[in-house]
Amino acid sequence: MLQFAKMEGCGNDFLVVDARDGAHGDLALLGPRAATVLCDRHFGVGGDGVLVISQASAPGALARMRVLNADGSEAEMCGNGLRCVTKYLYEQDAELWRSAIPIETGAGVLRCEVTLNGARRVTHVAVDMGRPRLARGEVPMAGPKQETALEQEVTLHGNGERRHVRLTAVSMGNPHAVLFIEGDEPLRELAERYGPLLERHEWFPHRTNVEFARVRPSGEIDLVVWERGCGITLACGTGACATAVAACLTRRARPGVELAVHLPGGSLNITVAADLGAVLLRGPATEVFRAEVDLAALLGRYGARA
């Protein structure tokens, strides 16, 4: 039986599997097909992804987080997922009761600080997301490797239409293409229409997450994200960070000031360092329930249905 915790951060929901004790062997069962089956909202448990916690291999880290998207692909990083994993680890293991928990991710070892209520339960987590990567070679994105893509114009063909948009490419350990929408078109409709086209655009060899953002007169940002490997999700932590960085780069926001980013599932607070050299992500993390599932049987039923 596969034991898991169902957790969410601003509605971005995950199955968290603790494999630190080696109970799941080489994690062969938790491969792409298993993630797809588990995340199926009709025939499985349901979720935007599976987060596997294992022993760390990087010096200084207390655990490692692996991210499997709902389509079975593996992501380098997930900000909302990392907050959920931090909450799980802190509340599961008293030996980790400290103000900062370093966790190994595909984007390196990231420092996570917890906010507690009176019952020593984690309500919010702040993550030092490190340096945003702006060079095309780091995103990665086609073109001269040392150049940045700042409001780069691209023409999209699809759905019987042709549209010119401008994107800013940012990596927060995973690739993002940020679009600022100046008109009043609904962000979700734009994300549904153009997100799939940009996710698989030839400029992005590893595909990309796509952010559709609108800056309010107050300076706060409304955001809908088309996530690589998931589609539209209620929230995306790295997407909110990438959008805040892009807003600072394009002078739509000021660095050094905490910025509220509003997503369909809730709000995240992002601070881009004054020198653009670091990003701090702060937001909630919630445990929904714990359960177990017969993964082998689930895989068999799912295979018979296909």
Side-chain angles (χ1 to χ4, degrees), residues 3-21 45-56 60-67 77-105 107 109-130 172 218 220-223 225 233-241 244 257-273 278-292:
Q3 296 180 336
F4 66 91
K6 183 69 181 293
M7 305 187 74
E8 57 90 6
C10 290
N12 198 188
D13 59 337
F14 309 95
L15 286 75
V16 178
V17 177
D18 189 348
R20 288 176 296 164
D21 61 1
V45 177
D48 292 323
V50 177
L51 307 175
V52 183
I53 305 173
S54 60
Q55 296 290 345
L62 298 181
R64 176 175 179 260
M65 178 185 75
R66 179 185 177 205
V67 183
M77 176 53 189
C78 176
N80 288 325
L82 184 55
R83 294 201 316 279
C84 289
V85 165
T86 301
K87 174 181 172 69
Y88 175 90
L89 287 170
Y90 186 94
E91 295 180 355
Q92 184 75 13
D93 193 344
E95 293 183 2
L96 300 182
W97 282 7
R98 60 193 73 189
S99 60
I101 300 176
I103 299 177
E104 180 183 357
T105 73
V109 177
L110 300 181
R111 185 172 181 269
C112 307
E113 295 189 356
V114 299
T115 299
L116 306 174
N117 62 17
R120 294 196 70 88
R121 293 292 179 181
V122 175
T123 60
H124 289 72
V125 178
V127 181
D128 181 351
M129 301 288 287
M172 294 303 309
S218 64
E220 298 179 0
I221 296 178
D222 295 315
L223 179 65
V225 181
T233 56
L234 294 182
C236 176
T238 56
C241 291
V257 177
E258 188 173 70
L259 179 65
V261 179
H262 306 290
L263 299 114
S267 299
L268 297 170
N269 296 93
I270 314 296
T271 304
V272 180
V279 181
L280 183 70
L281 162 66
R282 183 169 61 87
T286 303
E287 181 176 313
V288 183
F289 63 85
R290 295 196 183 194
E292 62 181 21

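Heavy-atom basis, side chains included; hydrogens, waters and symmetry copies ignored. Nothing here was measured: the structure is a model prediction, and the numbers come from that model.
Minimum heavy-atom separation, Val52 to Ala19: CG1-CB, 4.1 Å. Considering every non-hydrogen atom in both Asn117 and Ala119, the closest pair reads OD1-N, 2.9 Å. Scanning all heavy atoms of the two residues, the minimum distance from Cys241 to Leu281 falls at SG-CB, 3.7 Å. The minimum heavy-atom distance linking Tyr88 with Val16 is given by the pair CG-CG1, 4.2 Å. Contact record, Cys84 with Gly9: SG-N, 3.8 Å, taken as the closest heavy-atom pair.
Rounding to the nearest 0.5 Å places CZ of Phe4 at 11.0 Å from CZ of Arg290. Expressed to the nearest 0.5 Å, how far CZ of Arg64 lies from CD of Gln55 amounts to 11.5 Å. In this structure, the separation between CE on Met7 and CG on Asn12 is 12.5 Å, given to the nearest 0.5 Å.
Residues in residues 112-128 take part in these salt bridge (Lys or Arg N to Asp or Glu O under 4.0 Å) pairs, two or more places apart or across chains: Glu91-Arg121, Arg111-Glu113.
Side-chain contact between Leu89 and Arg20: present, with at least one pair of heavy atoms (C-beta onward) separated by less than 4.5 Å. In this structure, the side chains of Leu116 and Tyr90 come closer than 4.5 Å at one or more pairs of heavy atoms.
Thr86 pairs by the side-chain hydrogen bond (donor to acceptor under 3.5 Å, both in side chains) definition with nothing, not counting sequence neighbours. Residues satisfying the side-chain contact (heavy atoms from CB on, under 4.5 Å) test with Val288, not counting sequence neighbours, are Lys6, Glu8.
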Give every donor-acceptor pair under 3.5 Å between a side-chain atom in residues 259-273 and any protein atom, sequence neighbours left out.
{"residue": "His262", "atom": "ND1", "partner": "Ser267", "partner atom": "OG", "Å": "2.6"}
{"residue": "His262", "atom": "NE2", "partner": "Glu220", "partner atom": "OE1", "Å": "2.6"}

